[in-house]
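Here the structure is laid out as C-alpha cells; the discussion comes afterwards.
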Amino acid sequence: MAEAYRRHDLLDVEPDAWRAAVAARADLAALPHVAAWVEEGRPVILRRSHPGEAGLVPVGLPLPPRDGKRRVGLALPPESVRLRPPARLTDMRDTCPAAWVRTVEAIVALGACHGLAPRPFGSLLWQSLTGLSYLSEKSDLDLLWPVSGVVPPGFLACLADIERRAPMRLDGELLLPDGGGVNWHELHAAAPGDTVLVKHRDRLALRAAAGVLAGDPE
C-alpha cells in the first residue's frame, strides 16, 4: 500500500514501471541519468504527494548540482516499488570528504554511546548510492536520528558540541516512532513551554518540545 511508506524511505522500482513512467513525461527526455536511473541500481525516495496522486506512491530523485540540481518527481503504482533498507552513516565513511572523517567518527561514537544509529540523507547519501557528484565544499552533513522513545538526555547538547568543531553544518532530524521528523537544532534550542514543528508524510504538526523529548505519543 502507498500509505505504508514514510518520509525519507528509499524505494527500489521495477524497471518496466520506471520506463513507462519516464516515457509518459516528455519533460524528462533530455535530462541526464533519469532514463537509466533504475537500471543502474539507484533508488528513489518517498516525497510528499500532490493532488491527483491518490493510490500511487509519490517518489523523487535529485539530480547532481552539475546537472542542474533539479528534483524529479514521479508517481508510481504501489506494486512496482519495494522498500530498500535504510542507509547507515557507518557504511559511507569511504564517500565522506577527508575533512569530514574526524567529525563522522565522533558522530558515530556519539550514536553508539546513546544507542542511536544515524542515517544519512542529502548529498552524502546520493553520492554514495549513485556514484555521481553531489558533495561540494559547501555541503551540509544531513542526518536522520531514529529514536524509539525518550530522546537520550545530553544527546542534543553533545551533537551541538560536535557541530561547533566540525568543518560543515550538521543538519537533519530526529525521526520519531510515528514517522514524524523534528529538526534537531530547533528541538535543542526550544525553551520550556515551546512547541516544535513535526513533519509527517501527509501533514505538519506543532507539538510541545517537552513531549517530544520525553517520548510522549502524539
Side-chain angles (χ1 to χ4, degrees), residues 3 5-10 45-50 58 60 62 69 71 86-90 92-93 96-97 99-126 134-218:
E3 294 76 15
Y5 301 116
R6 294 179 170 183
R7 292 177 65 243
H8 303 295
D9 277 349
L10 294 174
I45 194 166
L46 190 81
R47 61 170 174 80
R48 296 186 69 178
S49 59
H50 300 313
K69 207 174 181 179
R71 295 183 180 273
R88 301 178 300 176
L89 181 60
T90 52
M92 299 191 175
R93 288 183 172 94
C96 292
W100 288 19
V101 171
R102 183 173 296 181
T103 300
V104 168
E105 295 295 340
I107 290 169
V108 171
L110 175 65
C113 180
H114 291 285
L116 303 176
R119 291 163 38 185
F121 67 105
S123 298
L124 176 62
L125 173 73
W126 290 107
Y134 288 83
L135 289 166
S136 72
E137 293 181 355
K138 297 181 180 180
S139 293
D140 297 340
L141 176 53
D142 302 300
L143 296 172
L144 300 173
W145 293 90
V147 295
S148 58
V150 176
V151 177
F155 165 71
L156 293 176
C158 290
L159 187 57
D161 184 60
I162 291 174
E163 184 182 43
R164 280 191 289 272
R165 295 179 278 111
M168 68 299 209
R169 174 178 167 83
L170 303 183
D171 207 351
E173 301 178 349
L174 296 187
L175 197 58
L176 308 179
D178 64 0
V182 57
N183 182 275
W184 78 263
H185 287 108
E186 183 179 349
L187 186 61
H188 179 52
D194 283 355
T195 59
V196 291
L197 182 67
V198 179
K199 297 180 180 180
H200 294 266
R201 170 183 168 173
D202 56 352
R203 69 188 190 283
L204 303 175
L206 287 175
R207 292 186 56 188
V212 173
L213 290 167
D216 296 340
E218 186 175 6

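Note that the structure is predicted; figures quoted are calculated from it, not measured. Positions are given from 1 along the sequence.
Using a 4.5 Å heavy-atom threshold, the side chains of Leu116 and Val147 count as touching. Side chains of Leu143 and Leu124 form no contact here, defined as non-hydrogen atoms less than 4.5 Å apart. Put simply, the side chain of Leu141 reaches to within 4.5 Å of the side chain of Val104, judged on heavy atoms. Residues Leu10 and Pro86 form no side-chain contact, since every pair of their non-hydrogen atoms from C-beta on lies 4.5 Å or further apart. Annotation: side chain of Trp145 is in contact with side chain of Ile107 (closest heavy-atom distance under 4.5 Å). Residues Glu173 and Leu144 are in side-chain contact: their nearest non-hydrogen atoms beyond the backbone lie under 4.5 Å apart. Between Arg169 and His185, some side-chain heavy-atom pair lies under the 4.5 Å cut-off. A 4.5 Å side-chain heavy-atom check between Pro167 and Thr103 finds at least one atom pair inside the cut-off.
Here the options are Val182, Asn183, Val198, the test is side-chain contact (heavy atoms from CB on, under 4.5 Å), and the partner is Leu174; only Val182 passes.
Atoms CG and CZ, from Leu125 and Arg119 in turn, are 9.5 Å apart once rounded to the nearest 0.5 Å. To the nearest 0.5 Å, atom CH2 of residue Trp184 and atom CG of residue Leu156 are 7.0 Å apart. Note that CG of Leu176 is 9.5 Å distant from CZ of Arg6, once rounded to the nearest 0.5 Å. To the nearest 0.5 angstrom, Asp9 atom CG is 6.0 Å from Leu46 atom CG.
Panel note: side chain Asp161, backbone Cys158; no donor-acceptor pair is recorded below 3.5 Å. Between the Glu163 side chain and the Leu170 main chain, a donor and an acceptor come within less than 3.5 Å of each other. Under the 3.5 Å distance criterion, the side-chain polar atoms of Arg201 are matched with a main-chain donor or acceptor of Tyr5. Glu186 contributes a side-chain N or O that, together with a main-chain N or O of Leu197, makes up a donor-acceptor pair within less than 3.5 Å.
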Run the side-chain contact (heavy atoms from CB on, under 4.5 Å) check on Val108 and Leu89 step by step: do they pass?
CA-CA 8 Å; Val108 171; Leu89 181 60; 4.0 Å; yes
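Asp142 and Ser123 make their closest contact through OD2-N, 4.1 Å (heavy atoms, listed as atom of the first residue, atom of the second, distance). Pro146 and Ala117 get closest at one heavy-atom pair: CD-O, 3.5 Å. In plain terms, the two heavy atoms of His114 and Pro153 that are nearest each other are CE1-O, 3.8 Å. Here the closest non-hydrogen pair linking Ala87 and Met92 is CB-CE, 3.4 Å.
A tilted orientation is assigned to the rings of Tyr134 and Trp126, their planes being inclined by 30° to 60°. Relative ring orientation between Phe121 and His8 is described as tilted, the plane-to-plane angle lying within the 30° to 60° band.
In terms of the side-chain hydrogen bond (donor to acceptor under 3.5 Å, both in side chains) criterion, residue partners of Arg93 (sequence neighbours excluded) are, by chain and number, Glu105. Applying the side-chain hydrogen bond (donor to acceptor under 3.5 Å, both in side chains) criterion to Arg207, with sequence neighbours excluded, gives no partner residue.
Environment of CZ in Arg102: sparse, with no more than 12 heavy atoms of neighbouring residues, nucleotides or ligands closer than 6.0 Å.
Electrostatic pairing of Glu218 and Arg203 counts as a salt bridge here, judged by a charged N lying under 4.0 Å from a carboxylate O.
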